[in-house]
Amino acid sequence: MSRRPTPWQEGRRARTSRALFMKFVQLSLVVCVLSMLFGAGPISADTPPIAYTINGNAGTNGWWRGSSSGDYIVVKWTVNIPNDQIQSTSGCEVGGVRVDGPTTGTTRNCTVTLVDNSQVSKTTSPLMIDNTPPTGVSASAARGPDANGWYNHAFAINWAGIDATSGVASCTSLTYSGPDSGAAGVSGGCTDVAGNSSLTPFGFEYDATPPQLSSVSVRSNDGADILHWKSTSPTDVAAVTRVARGSQKVLPLFSGTGNGFVDKKIEDGVEYTYAVHTTDQAGNASASRTVVAFPKVVSLGKIGYTPRASKQPILSWPARSGASYYHVQLFRNGKRILAAWPLTTQLALHAHWRWAGHQYRLTPAKYAWFAWAGYGARAAARYKLLGHSTFIVPGR
């Protein structure tokens, strides 16, 4: 069976098919010219038919913080469709669409109806607006003051608040460790998710520096030890304790303001160690300072040790019924250096004296002394030994 020959197999000119192609090209050119003349050409694939921009203050996390004029933003639409193809628009106002806040998320839409009754539409992403900073912002310390409303070592301060729209994202938290001030203060606050911040100060009293204690001294008198000291501030509270030599018992004596204390509850011949420290109004305590009180009065009492005596001590002994006078002898290095016949039960030693034709001084050394009760006339030399004791005059 033979095939029907094609036109060019039949010897027809090839220009017949080329003529058809040229007619198609001519028709396409006419369409393009008409499109250019009447604006009915197709939209570029790189240009969206509808687009929008937002005028406002950008916040954080996708939020807007309103505008410089208030709690709102403006959505401005751009329609990239030739006018002759548009029949009508909705929501695409030329001046823009105002969106009021606060809002946790709203949208706006622009719809274009074309001449063929088809529609092109664009909807914004959710618009979140919050230009109000957190409210009720306040600060609190992680612990209470250390003393009298004062803090004396580092402490934490935390801020808290609320935000009704975007919510609180973060609040300040810090640790304060100085400088010292009776009117210290720091500032902190909270920031919401939209980026709005609210600051609030926090004031307090802070002192981490202990007082300085100086010039601690004690002077022993007959019947009392007198203490003095100096502290940084006259409002510092001093505490005084006492320990007798040979004892482990610490006896509290004084607590209060001032720069001195008189201890009248002492025993003759006993050495006392006094400890003094001061505390300021913030609760800081100074280093403790100690002083030793050498007794002014040394007696025949048994105290278990040879006491160190204060400058120019007083020798004391108990009264004896019927005694007309007393006799005292003082020895140093086994040599008698003084003899006296007092009428009372005390003999005050001096820094230097003359006895038996010689001059003597109360130099640092260990001394022994004896006391007798004398009866009748002194010439009768009727004595009864009351006892003997020792004491030390320490080096200065």
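- Between the side chain of Asn221 and the backbone N or O of Ala224 there is no donor-acceptor pair closer than 3.5 Å.
- Side-chain contact between Val186 and Ile157: present, with at least one pair of heavy atoms (C-beta onward) separated by less than 4.5 Å.
- For the pair Arg98 and Tyr72, the cation-pi criterion (under 6.0 Å, within 45° of the ring axis) is fulfilled.
- In the hydrophobic clustering, Ile226 connects to Val262, either directly or through intervening members, whenever side-chain heavy atoms lie under 4.5 Å apart.
- Within the structure, every pair that satisfies the side-chain hydrogen bond (donor to acceptor under 3.5 Å, both in side chains) test and touches residues 170-179, not counting sequence neighbours, is listed here: Asn158-Ser173.
- In terms of heavy atoms, Gly96 sits closest to Val74 at CA-CG1, 3.9 Å.
- Between Leu349 atom CG and Ile337 atom CD1 the span is 8.5 Å, to the nearest 0.5 Å.
- Residues Thr278 and Ser231 share a closest heavy-atom pair of OG1-OG, 2.9 Å.
- For the pair Pro133 and Ser198, the tightest heavy-atom approach, listed with the atom from each and the gap, is CB-CB, 4.0 Å.
- Both Tyr326 and Tyr367 are part of a single hydrophobic cluster, where members link through side-chain heavy atoms under 4.5 Å apart.
- Looking only at side-chain heavy atoms (C-beta outward), Ile129 and Ile73 come within less than 4.5 Å of each other.
- Hydrophobic side-chain contacts under 4.5 Å tie Ile162 to no other Ile, Leu, Val, Met, Phe, Trp or Tyr residue.
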If you look only at distance, which donor and acceptor atoms sit under 3.5 Å apart when one is on a side chain in residues 244-252 and the other is two or more places apart or in another chain?
unit_1, atom_1, unit_2, atom_2, d
Arg245, NH1, Glu271, OE2, 2.8
Ser247, OG, Lys249, N, 3.1

For ring pair (Phe, Tyr, Trp, His ring centres under 6.0 Å), just list the numbers for Tyr206 and Tyr151, CA-CA rounded to whole Å, side-chain angles, deciding distance to a tenth of an Å, and then say yes or no. CA-CA 5 Å; Tyr206 188 88; Tyr151 292 92; 7.3 Å; no
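- Side chains of Ser310 and Ser220: a donor-acceptor N/O pair is absent below 3.5 angstrom, by distance only.
- Inter-residue side-chain proximity for Val270 and Pro307 is flagged as unmet; no heavy-atom pair is nearer than 4.5 Å.
- The closest side-chain heavy-atom distance from Leu174 to Trp159 is below 4.5 Å.
- Minimum interatomic distance between Gly195 and Thr60 (heavy atoms only, all atoms of both residues): N-OG1, 3.3 Å.
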Show me the side-chain donor-acceptor pairs of residues 368-393 shorter than 3.5 Å, one per line, residues at least two apart or across chains.
unit_1, atom_1, unit_2, atom_2, d
Tyr383, OH, Trp341, NE1, 3.0
Ser389, OG, Ser299, O, 3.4
Thr390, OG1, Thr306, OG1, 2.9

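- Looking at residues two or more places apart in sequence or on another chain, you find a salt bridge (Lys or Arg N to Asp or Glu O under 4.0 Å) between Arg242 and Asp263.
- Separation of atoms CG (Leu347) and NE2 (His327) is listed at 11.0 Å; rounding is to 0.5 Å.
- In this structure, the separation between CG on Leu253 and CG on Asp225 is 10.0 Å, given to the nearest 0.5 Å.
- At distances below 3.5 Å, at least one donor-acceptor pair connects side-chain atoms of Lys296 with backbone N or O atoms of Lys311.
- Legend: side-chain hydrogen bond (donor to acceptor under 3.5 Å, both in side chains) pairs involving residues 342-366, not counting sequence neighbours, sorted by first then second residue: Arg332-Thr363.
- Under 3.5 Å, the side chains of Asn109 and Thr123 contain a donor-acceptor pair of N or O atoms.
- The two atoms that bring Ser233 and Thr235 nearest to each other are OG-OG1, 2.9 Å, heavy atoms only.
- For the residue pair Ser217/Arg219, the side-chain donor-acceptor check at 3.5 Å is not satisfied.
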Given Tyr52 and Thr78, is the side-chain contact (heavy atoms from CB on, under 4.5 Å) satisfied, shown in steps? CA-CA 6 Å; Tyr52 68 92; Thr78 300; over 6 Å; no
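- When every heavy atom of Arg65 is checked against every heavy atom of Gly59, the shortest pair comes out as CD-CA, 3.6 Å.
- Val240 and Val291 fall within the same hydrophobic cluster, where Ile, Leu, Val, Met, Phe, Trp and Tyr residues are linked whenever their side-chain heavy atoms come under 4.5 Å apart, directly or through other members.
- A donor-acceptor contact shorter than 3.5 Å is absent between the side chain of Trp64 and the backbone of Gly56.
- Side-chain contact between Ile50 and Ser121: absent, with no pair of heavy atoms (C-beta onward) separated by less than 4.5 Å.
- Trp150 belongs to no multi-residue hydrophobic cluster, having no ILVMFWY side-chain contact under 4.5 Å with any other such residue.
- When the side-chain contact (heavy atoms from CB on, under 4.5 Å) test is applied to Ser187, the partners found at least two apart in sequence or on another chain are Leu199.
- The closest side-chain donor-acceptor pair between Thr113 and Gln119 falls under 3.5 angstrom.
- Applying the 6.0 Å contact sphere to CD of Glu267 captures no more than 12 heavy atoms from other residues, nucleotides or ligands.
- Partners of Thr165 according to the side-chain contact (heavy atoms from CB on, under 4.5 Å) rule, which considers only residues two or more places apart in sequence or in another chain, are Trp63, Pro102, Thr104, Asp130, Asp163.
- Note on residues 104-137: no pairs pass ring-ring contact (aromatic ring centres under 6.0 Å, His included), not counting sequence neighbours.
- When hydrophobic residues (I, L, V, M, F, W, Y) are linked wherever their side-chain heavy atoms come within less than 4.5 Å, the members clustered with Ile314 are Val297.
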